[in-house]
Structure formats: structure tokens, C-alpha cells
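Written out below as C-alpha cells is the structure these notes cover.
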Amino acid sequence: MATIFEAQEQYRAEMEFAATPIRDAARMNYEGAIEFANAAIKSVFAINAGGLVAFPAFIALLKIDAQLASGWIIAAGAVFVIGLTSAALASLFGYFSAMSKAEGSKRELEAVT
């Protein structure tokens with residue numbers, strides 16, 4: 001009986017040795033993708049929020065008649081709000097994706113051990 005357990009332990013050790021570089025590379029790629037996505041989403045938040053805040057000042061600076069251009073002003077504001085909402089949804093979906101990946105990795109690790 002001891003030989004079966006020894007063979008099983010040797011198999012696990014060899015699998016761990018073989019899988020470690022692949023797992024490390026996948027983890028590094030995943031972390032890099034998450035960092036890139038976070039930077040992109042932060043930029044989208046900053047651009048849309050800044051545009052929404054600066055928009056009234058821009059209208060005042062150019063002395064635009066708000067009543068004549070009210071439709072365009074509302075449309076432009078809506079575009080900034082849609083951009084902010086899209087960035088928030090991207091953050092939420094990114095969180096769900098990361099949590100799903102973490103749960104999948106946890107289950108995969110439990111299945112192997």
C-alpha cells in the first residue's frame with residue numbers, strides 16, 4: 001500500500017513542478033490585464049467627470065445662450081453621464097470577472113489537492 005501513496009505523492013510533486021511556471025505566467029498576465037483595465041477605467045472616469053464638471057464653465061466662457069442651445073447642452077451632458085455610467089459598469093463587471101476567476105482558481109486548487 002505504501003507504494004501507491006508514494007507514487008501518488010511523486011505524481012503530485014511532478015505535476016506541481018510542471019504546472020508552476022504555467023500558473024505563474026498566467027497569474028502575471030492576469031495581473032497585468034487587471035492593472036491595464038484599472039488604469040483605463042480610471043482615465044474614463046476622470047475624462048467624463050472632468051468634462052461634466054467643466055461643461056458649465058465652458059458654456060459661460062464662450063457666452064453661449066443656454067436657452068437656444070439647451071438641446072445640445074442636454075445631449076452633451078447626457079453623453080458625459082453615459083460615459084460615467086459605462087465606466088462604472090465596466091468596473092462592476094471587472095470586479096465580477098475577478099471574483100469569478102478567483103472562485104474558479106479556488107475550486108481548481110481544491111480539485112487538484
Side-chain angles (χ1 to χ4, degrees):
M1 257 326 188
T3 58
I4 293 174
F5 293 122
E6 290 172 358
Q8 185 179 21
E9 286 299 317
Q10 182 181 3
Y11 172 75
R12 283 188 179 173
E14 290 175 1
M15 281 296 291
E16 185 65 29
F17 179 76
T20 298
I22 297 168
R23 190 179 312 127
D24 291 344
R27 185 179 300 126
M28 286 180 10
N29 286 337
Y30 181 72
E31 289 172 359
I34 292 296
E35 288 178 22
F36 182 75
N38 283 337
I41 291 170
K42 285 179 185 178
S43 297
V44 170
F45 268 120
I47 288 169
N48 283 294
L52 193 57
V53 169
F55 196 61
F58 185 69
I59 291 170
L61 177 70
L62 296 179
K63 297 181 174 92
I64 296 173
D65 185 12
Q67 287 186 339
L68 288 177
S70 64
W72 290 106
I73 292 170
I74 291 171
V79 169
F80 286 121
V81 170
I82 290 170
L84 283 169
T85 305
S86 298
L89 287 174
S91 296
L92 180 67
F93 293 145
Y95 171 76
F96 287 151
S97 174
M99 292 306 294
S100 175
K101 173 67 176 160
E103 186 65 28
S105 296
K106 179 182 172 186
R107 289 181 183 164
E108 189 176 309
L109 187 62
E110 288 174 355
V112 172
T113 56

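Atom CE in M15 sits 10.0 Å away from atom OG1 in T20 (nearest 0.5 Å). Note that CG of L52 and CG of N48 are 8.0 Å apart. Values are rounded to the nearest 0.5 Å. Note that CD of E6 is 10.5 Å distant from CD1 of I4, once rounded to the nearest 0.5 Å.
Neither I73 nor V79 shares a network with the other; the hydrophobic side chains, linked directly or stepwise wherever heavy atoms of I, L, V, M, F, W or Y lie under 4.5 Å apart, form separate groups for each. Residues I34 and F36 do not share a hydrophobic cluster, defined by chaining ILVMFWY side chains whose heavy atoms lie under 4.5 Å apart.
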Only pairs under 3.5 Å count here: list side-chain donor-acceptor contacts from residues 83-90, not counting sequence neighbours, and write none if there are none.
{"from": "T85", "atom 1": "OG1", "to": "V81", "atom 2": "O", "distance (Å)": "2.8"}
{"from": "S86", "atom 1": "OG", "to": "I82", "atom 2": "O", "distance (Å)": "2.9"}

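Residues passing the side-chain contact (heavy atoms from CB on, under 4.5 Å) test with F96, sequence neighbours excluded: L92, F93.
Counting only residues at least two apart or in different chains, salt bridge (Lys or Arg N to Asp or Glu O under 4.0 Å) contacts with residues 27-36 comprise D24-R27.
Contact record, A76 with F55: CB-CZ, 3.4 Å, taken as the closest heavy-atom pair.
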